[in-house]
2 protein chains.
Amino acid sequence: MSDDLDLTPLRREVLDMIKASARPIKAYELLGLLSRRRGRVARAPTIYRTLDYLTRCGLIHRIESLNAYQACAHAPACPEHVFLICDDCGEVSEIESMDARIALEIASTARQFRAEQVSIEVHGACRACGTETPARAKKP
Amino acid sequence: MSDDLDLTPLRREVLDMIKASARPIKAYELLGLLSRRRGRVARAPTIYRTLDYLTRCGLIHRIESLNAYQACAHAPACPEHVFLICDDCGEVSEIESMDARIALEIASTARQFRAEQVSIEVHGACRACGTETPARAKKP
DNA sequence: TCGCACGTGTTATATTATAACATCACAAGC
DNA sequence: GCTTGTGATGTTATAATATAACACGTGCGA
């Protein structure tokens, strides 16, 4: 995770595809897109290595509970991030919560645990989906 | 997720195996253990259904970033849980952080997001591993 | 020029998870 | 008693996710 980025054409292309996606996107979806763009098949390691690099740089985040990736909403290397994941429509928004961050920091150090990487994923219903008639009005 | 548990022999056996494990345990590890205990192979759906049930009941938690399961440290249905995951020794401890919980509640409702399920996973170094000479002294 | 570091390609395979259907036991209602 | 429905479990097959290991090329400093 050195400070200077090395955005090769492949890495830029994958990053652009992730940014272009309205929702978190999966590795094999990217693989399909990449293959079509290039006119020849891309293989799994290609995409996983690239995702790994972009993640380590802080340009994208992996959403563990979805096995999917999303561009970081807060420039490279935001220190902490909370994902609000709507289980109805699939939308994911990345927010910040300084208070949560501090609380976790305190809780960790109280146990002499040195926190390096925090993942907070909140599943539920977004504004649009949550305000529909209770108990799942969507998707007939 | 009704209130009354239906702990069949299979479910109890799997729950016991998870409780007996010092570390989070993976689905296919459980599958192997179960097969040996019974003297005949158990298949993947058996274990996944059971894990799903135990998770829904709140008896165990799935640790997303590890694809593994751990018994809940706080009786059935604890409302929230933070996992401190040591990347060195693999130990995972489940703690509570009311403050983090409240912070996330506030952040969610501010965005009119109805939170249903929160997953907080903190990777880093536990006390034992973190106090060794800096930069990974372990695992020769 | 040599050799190394590193990005990417390629082949193969490991790991994690689910769909779909079969069977069985038990309980509610006739 | 019998039937029928429901839910747990078994079984077969396959999907989805991820990594190991090695090959190749390019650029760069010794």
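In what follows, every chain begins at residue 1, and chains take the letters A, B, ... in the order their sequences are listed.
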Please report, rounded to the nearest Å, how far the [atom2] atom of [N] is from the [atom1] atom of [X].
X       : N      : atom1 : atom2 : result
B:Ile25 : C:dT16 : CD1   : C1'   : 15 Å
B:Tyr69 : C:dT16 : OH    : C1'   : 9 Å
B:Glu29 : C:dA14 : CD    : P     : 17 Å
A:Asp6  : C:dT8  : CG    : C1'   : 12 Å
B:Leu30 : C:dT16 : CG    : P     : 11 Å
A:Ile47 : C:dG9  : CD1   : P     : 10 Å
B:Leu31 : D:dT9  : CG    : P     : 14 Å
B:Glu64 : D:dT17 : CD    : P     : 13 Å

Just N and O in the side chain of [X]: are any of them under 4.0 Å from OP1 or OP2 of [N]?
X       : N      : answer
A:Lys26 : D:dT17 : yes
A:Arg43 : D:dT17 : no
A:Arg62 : D:dA18 : yes
A:Arg11 : C:dT8  : yes
A:Tyr48 : D:dT19 : no
B:Thr46 : D:dG10 : yes

If you measure from the Lys or Arg side-chain nitrogens to the Asp or Glu carboxylate oxygens, is any gap between B:Arg11 and B:Glu13 under 4.0 Å? no
Within the 3.5 Å criterion, strictly below it, is a donor on B:Glu94 or B:His61 matched to an acceptor on the partner's side chain? yes
Between B:Ser119 and B:Glu64, do the side chains contain a donor N or O and an acceptor N or O under 3.5 Å apart? no
Residues A:Leu84 and B:Ser108: closest non-hydrogen pair is CD2-OG, 3.8 Å
Approximate separation, where rounding is to 0.5 Å, of B:Ile63 CD1 and B:His81 NE2: 9.0 Å
Quick check: on DNA chain C, is the nucleotide nearest B:Tyr28 upstream (toward 5') of the one nearest A:Arg38, or the reverse? Name the residue that is more 5'. A:Arg38
Taking for each residue the nucleotide of DNA chain C with the nearest heavy atom, is it B:Pro45 or B:Leu66 whose nucleotide lies nearer the 5' end? B:Leu66
Would you mind classifying the nucleic acid contact of A:Arg12 as base, sugar-phosphate or nothing, using non-hydrogen atoms under 4.0 angstrom? nothing
Quick one: does B:Arg40 reach the base of D:dG10 with a side-chain donor-acceptor pair under 3.5 Å? no
Side chain of A:Arg49, base of C:dG9: donor and acceptor closer than 3.5 Å? yes
Quick note, B:Asn67 side chain, CB onward, closest among C:dT16, D:dA18, C:dT8 is C:dT16
